[in-house]
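Take a look at the structure set out below.
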Amino acid sequence: MVKPNPQLWRPVELKFFDRDPRRVAMDLLGKLLVRGRGVRLRAGRIVEVEAYLGVEDAAAHAFSGPTDRNRVLFGPPGRAYVYFIYGNHYCLNVSCQPPGQAGCVLFRALQPVLGISAMLRARGMDPRESRLKLVCSGPGRPAEALEITRQRDNGIHLTDPASGLWIADDGFRCGEIAASPRIGITKAAEQPLRYFLTGNPFVSRPRSPASPKIDVLETRL
DNA sequence: GAGGAGATCGTCT
DNA sequence: GACGATCTCCTCT
């Protein structure tokens with residue numbers, strides 16, 4: 001494995017997010033989600049995401065219009081939307097499209113790249129733990145590993161390293177991208193809006209429980 | 001390994 | 001008061 005070099009990481013530009021969430025979701029695969037600035041960085045490669053299409057998507061938080069909770073989704077693109085779920089977990093999304101449209105992408109799984117011991121600590125796991133899939137696979141776990149909370153991070157700029165939570169491009173070519181139905185939802189559950197890297201061991205579930213159907217979309221080498 | 005159930009609390013109706 | 005874009009632990013096979 002090549003040693004990560006944060007000096008070469010470039011923040012993703014704002015215009016990257018000013019597009020259809022399906023396109024943003026696919027293009028986010030292989031990018032890095034980074035916590036911190038300067039030293040003591042924690043970073044994970046994005047290997048699994050889900051697209052939510054805004055007010056026309058019955059499974060999206062934005063479906064019933066703006067509320068105090070989801071207001072970030074209706075604002076500018078490239079912002080963190082953090083919500084609390086099941087009394088236990090925070091989940092991180094990034095807003096897409098121009099203000100008024102409420103598309104977003106949910107981060108479902110990361111492959112730990114940098115600051116793994118700090119992630120293990122944040123997750124309350126044994127520092128000698130070798131099953132790294134348990135660190136960031138599943139939407140609640142990256143938030144815990146990177147200490148993302150609604151109070152601290154909701155609405156911040158994911159395009160700006162100064163915010164302390166940002167998305168970087170290190171030039172990684174991600175290989176084959178596949179799509180399947182989204183996980184854990186009951187409405188609009190059949191649409192293939194979950195995207196992941198084929199064969200990557202850090203993907204939370206290789207196939208959706210609701211449907212085994214997987215479509216290979218494209219290959220980037 | 002698979003499946004089920006409990007934990008736990010913010011948000012919405 | 002009901003529900004939820006989840007996780008973990010426990011039991012069963």
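Naming: A, B, ... by sequence-line order, numbering from 1 per chain. Just so you know, these numbers come straight off a predicted model, no measurement behind them. Reckoned from all heavy atoms, side chains included, excluding hydrogens, waters and symmetry mates.
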In whole angstrom, give the distance that lies between atom [atom1] of [X] and atom [atom2] of [N].
| X | N | atom1 | atom2 | answer |
| --- | --- | --- | --- | --- |
| A:Q151 | B:dC9 | CD | C1' | 12 Å |
| A:R141 | C:dA5 | CZ | C1' | 15 Å |
| A:L134 | B:dG1 | CG | P | 12 Å |
| A:Y90 | B:dC9 | OH | P | 10 Å |
| A:N70 | C:dA5 | CG | P | 13 Å |
| A:K187 | C:dA5 | NZ | P | 7 Å |
| A:F196 | C:dA5 | CZ | C1' | 17 Å |
| A:I185 | C:dC3 | CD1 | C1' | 15 Å |

Considering only [options], which nucleotide approaches the side chain of [X] most closely?
| X | options | value |
| --- | --- | --- |
| A:C104 | C:dA5, B:dT11, C:dT8 | C:dA5 |
| A:H61 | C:dA5, C:dT6, B:dT11 | C:dA5 |
| A:T67 | C:dA5, C:dT8, B:dC12 | B:dC12 |
| A:F84 | B:dT11, C:dC7, B:dG10 | B:dG10 |

Side-chain N or O of [X] versus OP1/OP2 of [N]: is the shortest distance under 4.0 Å?
| X | N | answer |
| --- | --- | --- |
| A:R108 | C:dC7 | no |
| A:R123 | C:dC7 | no |
| A:R194 | C:dA5 | no |
| A:R205 | B:dG1 | no |

Counting only pairs under 3.5 Å, give me each side-chain donor-acceptor contact of residues 136-143 of chain A, with atom names and distances, residues two or more places apart or in other chains.
from	atom 1	to	atom 2	distance (Å)
A:S137	OG	A:K133	O	3.0
A:S137	OG	A:F202	O	2.7
A:R141	NH1	A:S137	O	2.8

Keeping A:N88 on the side-chain end and A:Y86 on the backbone end, is there a donor-acceptor pair under 3.5 Å?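 Yes, A:N88 side chain to A:Y86 backbone: donor-acceptor pair under 3.5 Å.
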Any sub-3.5 Å donor-acceptor pair from A:R121's side-chain atoms to A:D126's backbone N or O?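 A pair under 3.5 Å: no.
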Within 45 degrees of the ring normal and closer than 6.0 Å to the centroid, is that where the cationic atom of A:R108 sits relative to A:F196?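 Not flagged: A:R108 not positioned over aromatic ring of A:F196.
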Would A:R79 and A:F17 count as a cation-pi pair here, with the cationic atom under 6.0 angstrom from the ring centre and within 45° of the axis?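 Geometry flag: not set, cation outside 6.0 Å or 45°.
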Distance (rounded to the nearest 0.5 Å) between A:L32 CG and A:I46 CD1: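 If I round to the nearest 0.5 Å, the distance is 7.0 Å.
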Sugar-phosphate only, base, or nothing, as touched by A:D68 at under 4.0 Å among non-hydrogen atoms: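 The answer is nothing, as A:D68 stays clear of every strand by at least 4.0 Å.
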Can you label the angle between the A:F84 ring and the A:Y90 ring as parallel, tilted or perpendicular, going by 30° and 60°?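 Plane angle between 30° and 60°, so tilted.
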Most 5' of A:S64 and A:N88 on DNA chain B, judged by nearest nucleotide: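 With A:S64 and A:N88 compared, the 5'-side residue is A:N88.
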Quick check: on DNA chain B, is the nucleotide nearest A:R150 upstream (toward 5') of the one nearest A:Y86, or the reverse? Name the residue that is more 5'.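 Taking each residue's closest nucleotide, the earlier one in sequence belongs to A:Y86.
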Paired and unpaired positions of DNA chain C as dot-bracket, Watson-Crick or G-U wobble under 3.5 Å, | denoting a partner strand: ||||.|||||||.
Do A:Q97 and A:D18 have a side chain donor and acceptor closer than 3.5 Å?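 On atom types as modelled, these side chains do not qualify, holding no pair under 3.5 Å.
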